[in-house]
Protein chains: 2
Amino acid sequence: MMQATLKALSEPNRLRIVDVLIDGPHSVGEIVIELEISQPLVSKHLSILSEAGLVEVHQVAQKRIYTLRAKPFKEMDSWLVSYRRLWGEKFNRLDKLLEEEKNKLEGGTKK
Amino acid sequence: MMQATLKALSEPNRLRIVDVLIDGPHSVGEIVIELEISQPLVSKHLSILSEAGLVEVHQVAQKRIYTLRAKPFKEMDSWLVSYRRLWGEKFNRLDKLLEEEKNKLEGGTKK
DNA sequence: CAGTTATATAACTAATAGTTTATATAAAAT
DNA sequence: ATTTTATATAAACTATTAGTTATATAACTG
């Protein structure tokens with residue numbers, strides 16, 4: 001779910017991995033070269049991304065080819081829908097609410 | 001930037017806070033009641049959300065009213081654009097690539 | 001002014017998570 | 001069969017972070 005996806009992407013190296021994979025499937029070795037971090041670290045991050053459902057693996061000889069899975073990104077997209085009204089439109093309920101709060105006070109205030 | 005936003009949202013309670021704030025501005029006390037977690041914890045998470053630019057504060061008497069800021073969500077939306085082609089369309093470069101990899105091998109293989 | 005309300009902050013603890021180093025495994029090549 | 005290539009995994013270490021408790025601060029109330 002959303003929470004797991006966000007957690008998985010919250011780590012810089014994992015975000016970079018995903019960013020590499022958007023250009024298509026890559027082997028572990030290729031990712032190591034791209035990110036310039038150790039192979040075990042890449043493998044570990046890939047396994048976390050895998051458990052979170054962001055990637056899937058296919059084996060070809062000794063190589064493991066990692067690919068992005070669409071689902072979690074689709075979910076993020078749906079999740080964001082609720083937030084779309086934050087922009088574009090006037091979403092200035094804030095001014096309104098601040099006025100309300102102040103009025104509540106003025107009602108019971110000395111001055 | 002994207003990284004900071006994802007990190008901020010990767011924590012369950014912070015995601016819940018954001019989820020409360022989408023219904024409009026709320027005071028700290030209101031969030032405490034909604035989430036049923038301690039006030040200092042809510043304050044701490046709010047300050048993290050604030051530093052990440054996800055919320056802004058307005059003071060009314062002793063209350064601090066927190067509001068969502070549109071920008072980071074807008075950024076997430078733009079960021080997701082690159083991933084939209086993952087779904088809907090045929091994005092099966094995987095099959096193609098796996099074939100390629102296998103062919104590379106078969107070229108230099110005994111059997 | 002004394003008391004109350006609302007929130008922030010600091011000090012600390014406990015849990016989690018990232019990184020490194022060394023080693024295991026499995027397939028391929030020689 | 002031995003060596004090489006590609007990747008995973010485990011152990012140990014370090015760093016980061018969530019959560020708690022206690023206290024400070026600032027504004028309002030009576």
Side-chain angles (χ1 to χ4, degrees), chain A residues 3-4 6-17 20-21 25-52 55-67 97-98 101-111, chain B residues 3-4 6-17 20-21 25-52 55-67 97-98 101-111:
Chain A
Q3 185 61 62
L6 289 169
K7 185 119 188 255
L9 294 176
S10 70
E11 206 283 319
N13 282 325
R14 287 197 291 270
L15 189 58
R16 292 173 68 206
I17 290 177
V20 166
L21 292 184
H26 284 72
S27 70
V28 177
E30 290 167 345
I31 297 172
V32 168
I33 290 169
E34 282 285 332
L35 303 205
E36 293 185 308
I37 59 180
S38 73
Q39 174 267 311
L41 190 50
V42 169
S43 282
K44 192 172 180 184
H45 283 310
L46 281 171
S47 92
I48 291 171
L49 287 171
S50 186
E51 281 205 28
V55 300
E56 59 185 38
V57 210
H58 295 273
Q59 184 161 358
V60 175
Q62 313 107 305
K63 291 186 181 173
R64 311 280 170 106
I65 310 294
Y66 282 85
T67 319
L97 184 129
L98 290 181
E101 290 290 337
K102 277 170 194 158
N103 290 336
K104 279 185 204 165
L105 290 175
E106 279 159 27
T109 276
K110 287 171 184 173
K111 195 179 292 176
Chain B
Q3 185 61 63
L6 289 169
K7 187 121 188 251
L9 294 175
S10 71
E11 206 285 321
N13 281 325
R14 287 199 290 270
L15 189 59
R16 291 174 68 205
I17 290 177
V20 166
L21 292 183
H26 285 71
S27 71
V28 177
E30 289 167 346
I31 298 171
V32 168
I33 290 168
E34 282 285 332
L35 301 205
E36 293 184 306
I37 59 180
S38 75
Q39 174 267 310
L41 189 49
V42 169
S43 284
K44 194 175 179 184
H45 283 310
L46 280 171
S47 92
I48 291 171
L49 288 171
S50 186
E51 282 206 28
V55 299
E56 60 185 36
V57 210
H58 296 273
Q59 186 161 356
V60 175
Q62 315 108 304
K63 292 186 182 174
R64 312 279 170 106
I65 311 294
Y66 283 84
T67 320
L97 184 131
L98 290 181
E101 290 290 336
K102 278 171 194 158
N103 290 336
K104 279 186 204 164
L105 290 176
E106 279 161 25
T109 277
K110 287 173 184 173
K111 194 177 291 178

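Lettering of chains follows the sequences in order, A, B, ..., and the numbering in each one begins at 1. All values below were derived from every heavy atom in this structure, side-chain atoms included, with hydrogens, water molecules and symmetry-related copies excluded.
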Within 6.0 Å of CD in B/Glu51, more than 12 heavy atoms from elsewhere:
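Counting neighbours around CD of B/Glu51, 12 or fewer heavy atoms of other residues, nucleotides or ligands fall under 6.0 Å, so no.
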For residues [X] and [Y], report the shortest heavy-atom separation together with the two atoms involved.
{"X": "A/Leu35", "Y": "A/Arg16", "value": "O-NH2, 3.2 Å"}
{"X": "A/Leu15", "Y": "B/Gln3", "value": "CD2-OE1, 3.2 Å"}
{"X": "A/Tyr66", "Y": "A/Leu21", "value": "O-CD2, 3.5 Å"}

Take the protein atom [atom1] of [X] and the nucleotide atom [atom2] of [N], then report the distance between them rounded to whole Å.
{"X": "B/Arg16", "N": "D/dA18", "atom1": "CZ", "atom2": "C1'", "value": "14 Å"}
{"X": "A/Gln59", "N": "C/dA26", "atom1": "CD", "atom2": "P", "value": "10 Å"}
{"X": "A/Leu15", "N": "C/dA17", "atom1": "CG", "atom2": "P", "value": "17 Å"}

Validation row: A/Val57, A/Leu46 side chains within 4.5 angstrom (heavy atoms):
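Not in contact.
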Is any side-chain N or O of B/His45 closer than 4.0 Å to OP1 or OP2 of D/dT17?
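So the side-chain polar atoms of B/His45 never come under 4.0 Å of the phosphate oxygens OP1 or OP2 of D/dT17.
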Return the set of residues passing side chain to side chain donor-acceptor pair (under 3.5 Å) with A/Gln39 (not counting sequence neighbours), or none when no residue passes.
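Applying side chain to side chain donor-acceptor pair (under 3.5 Å) to A/Gln39 gives A/Ser43.
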Sugar-phosphate or base contact per nucleotide [nucleotides 4-16 of chain C; S, B, -; heavy atom under 4.0 Å]
-BSBBB-------
